[in-house]
Amino acid sequence: MLYFTADPHIYHERAVNFPGRIGFTVESWAEMFFDLVNSKVTKHDRLYILGDFALGSGYKPFMNARLALKPKDIWLIRGNHCASNEVCKKVFGDKFRLIHECKINGTSCVLSHFPMLIWNKSHYGSYHLHGHLHDMRTDFWNEIPYLKDMKRLDVCPESYKRHFGEWGIFSEEQVDEILKVKAGHDPVEWYRKERGEL
């Protein structure tokens with residue numbers, strides 16, 4: 001099973017002031033996040049963290065946060081609050097990426113920290129998972145039909161809570177259920193028509 005999350009911001013003091021995290025301390029937020037991952041992701045699963053994993057100067061805080069997570073198959077997509085590329089590579093090895101593609105139930109999926117308007121194979125119905133927004137732009141984007149219908153999902157914990165009423169991390173099955181019913185955008189026929197092929 002694949003799992004997805006973004007923006008845990010472990011050890012980031014300002015992150016507990018984000019609207020969805022009021023009431024947490026740095027310590028209680030980290031403990032909750034570690035418990036969410038360690039209780040859900042087994043040795044047979046893979047977790048993708050789409051950026052802003054942990055904050056701190058240098059290697060030690062980043063490594064300490066990684067060691068608190070029991071699963072071995074954890075990939076990191078770089079976020080703007082992550083440590084340097086060198087530290088990320090040292091902690092996550094070959095499971096560190098700036099952007100990555102995978103498949104969810106046979107559907108191509110592009111993973112990045114920042115949301116994209118157009119992504120690889122988006123006109124063929126591929127999915128896009130991201131973080132960075134902490135679910136704070138969802139209501140605004142949902143007022144714009146073109147944006148609302150995209151097969152795109154913010155996978156931060158706040159977004160999980162919006163969808164399911166509690167803190168959690170997204171499974172590939174949950175992602176597929178949410179995105180497969182969306183209309184998507186830029187169907188390939190539009191491109192073919194623009195090129196005069198239709």
Side-chain angles (χ1 to χ4, degrees), residues 1-12 14-16 18 20-21 24 26 29-56 58-104 109-116 119 127-136 152-164 166-176 178-179:
M1 177 73 71
L2 301 181
Y3 289 95
F4 305 90
T5 191
D7 301 289
H9 285 263
I10 305 302
Y11 312 135
H12 188 175
R14 292 177 59 191
V16 294
F18 295 158
R21 302 185 187 185
F24 282 97
V26 170
W29 175 263
E31 182 179 353
M32 185 202 69
F33 180 78
F34 295 149
D35 287 345
L36 286 174
V37 171
N38 292 336
S39 65
K40 181 76 75 171
V41 184
T42 74
K43 65 181 180 180
H44 306 292
D45 302 323
R46 173 177 293 172
L47 172 66
Y48 289 101
I49 300 174
L50 307 190
D52 292 359
F53 172 54
L55 194 71
Y59 168 78
K60 190 172 181 180
F62 215 70
M63 189 61 182
N64 287 345
R66 176 61 188 90
L67 290 173
L69 299 175
K70 294 176 184 176
K72 296 195 180 305
D73 195 3
I74 298 180
W75 293 55
L76 176 67
I77 310 301
R78 193 179 196 291
N80 56 301
H81 284 289
C82 283
S84 68
N85 285 353
E86 291 72 26
V87 169
C88 290
K89 287 175 185 175
K90 191 172 182 181
V91 173
F92 285 88
D94 62 358
K95 296 175 181 176
F96 168 65
R97 299 284 191 279
L98 301 180
I99 191 170
H100 187 66
E101 293 188 38
C102 66
K103 292 210 172 198
I104 295 178
C109 183
V110 175
L111 310 177
S112 66
H113 177 61
F114 300 104
M116 299 180 189
W119 54 90
Y127 297 161
H128 172 41
L129 305 183
H130 65 86
H132 189 62
L133 301 179
H134 295 266
D135 197 44
M136 289 190 284
R152 174 202 57 78
L153 181 64
D154 185 349
V155 293
C156 69
E158 292 90 337
S159 178
Y160 188 95
K161 192 172 185 183
R162 173 190 289 266
H163 284 90
F164 302 106
E166 61 186 2
W167 297 106
I169 58 175
F170 288 90
S171 71
E172 62 182 314
E173 292 174 347
Q174 290 169 321
V175 168
D176 193 42
I178 292 168
L179 295 183

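FYI, the numbering just counts along the sequence from 1.
Side-chain N/O atoms of Asp52 and His132 include no donor and acceptor closer than 3.5 Å. For Arg78 and His113, the side-chain atoms include no donor-acceptor pair closer than 3.5 Å.
How far CG of Leu36 is from OG1 of Thr5: 8.0 Å, rounded to the nearest 0.5 Å. Remark: Arg46 CZ to Lys72 NZ distance equals 15.0 Å, nearest 0.5 Å. Note: Lys40 NZ to Asp35 CG = 13.0 Å, rounded to the nearest 0.5 Å. In this structure, Phe164 CZ and Ser159 OG are separated by 8.5 Å, a value rounded to the nearest 0.5 Å. A distance of 13.5 Å separates NE2 in His81 from CD1 in Ile10, rounded to the nearest 0.5 Å.
Using a 30° and 60° split on the angle between ring planes, Tyr48 and Phe4 fall in the parallel class, below 30°.
Side-chain contact check for Ile49 versus Ile74: some heavy-atom pair is nearer than 4.5 Å. The shortest distance between side-chain heavy atoms of Asp45 and Asp73 does not fall below 4.5 Å. Side-chain atoms of Met1 and Glu172, non-hydrogen and from C-beta on, do get closer than 4.5 Å to each other. Lys90 places none of its side-chain heavy atoms less than 4.5 Å from the side chain of Phe62. In this structure the side chain of Ile104 reaches within 4.5 angstrom of the side chain of Cys109, judged on heavy atoms. Residues His130 and Phe114 are not in side-chain contact: their nearest non-hydrogen atoms beyond the backbone lie 4.5 Å or more apart. Residues Val87 and Met63 are not in side-chain contact: their nearest non-hydrogen atoms beyond the backbone lie 4.5 Å or more apart. Side-chain atoms of His128 and Leu153, non-hydrogen and from C-beta on, never get closer than 4.5 Å to each other.
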Full working for side-chain contact (heavy atoms from CB on, under 4.5 Å) between Cys156 and Leu133: CA-CA 8 Å; Cys156 69; Leu133 301 179; over 6 Å; no

From CA spacing to verdict: side-chain contact (heavy atoms from CB on, under 4.5 Å), Met116, Ile99: CA-CA 11 Å; Met116 299 180 189; Ile99 191 170; 3.1 Å; yes

side-chain contact (heavy atoms from CB on, under 4.5 Å) assessment of Phe170 paired with Leu129: CA-CA 10 Å; Phe170 288 90; Leu129 305 183; over 6 Å; no

side-chain contact (heavy atoms from CB on, under 4.5 Å) assessment of Asn85 paired with Leu98: CA-CA 9 Å; Asn85 285 353; Leu98 301 180; 4.1 Å; yes

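When all heavy atoms are compared, the tightest approach of Leu50 to Val155 is CD1-CG2, 3.6 Å. Scanning all heavy atoms of the two residues, the minimum distance from His134 to Asp154 falls at N-OD2, 3.5 Å. When all heavy atoms are compared, the tightest approach of Ala54 to Tyr11 is CB-CD1, 4.5 Å. Closest approach of Leu2 and Lys103 over heavy atoms only: CD1-O, 3.5 Å. Contact record, Tyr160 with Trp167: CD2-C, 3.7 Å, taken as the closest heavy-atom pair. For the pair Cys88 and Leu76, the tightest heavy-atom approach, listed with the atom from each and the gap, is SG-CD2, 3.8 Å.
Formation of a donor-acceptor pair under 3.5 Å by the Glu158 side chain with backbone atoms of Asp135 is not found in this model. The main-chain N or O of Pro8 is found under 3.5 Å from a side-chain atom of Trp29 such that the two form a donor-acceptor pair. Remark: the backbone N or O of Asp94 is paired with a side-chain donor or acceptor of Arg97 at under 3.5 angstrom. Put simply, the side chain of His100 never gets that close to the backbone of Leu111: no donor and acceptor are under 3.5 Å apart. Formation of a donor-acceptor pair under 3.5 Å by the Asn38 side chain with backbone atoms of Phe34 is found in this model.
By the 6.0 Å contact criterion, CD on Glu101 is enclosed, its count of non-hydrogen atoms from other residues, nucleotides or ligands being greater than 12.
With sequence neighbours excluded, no residue forms a ring pair (Phe, Tyr, Trp, His ring centres under 6.0 Å) with Tyr3.
Aromatic pair Phe53/His9: centroids not less than 6.0 angstrom apart.
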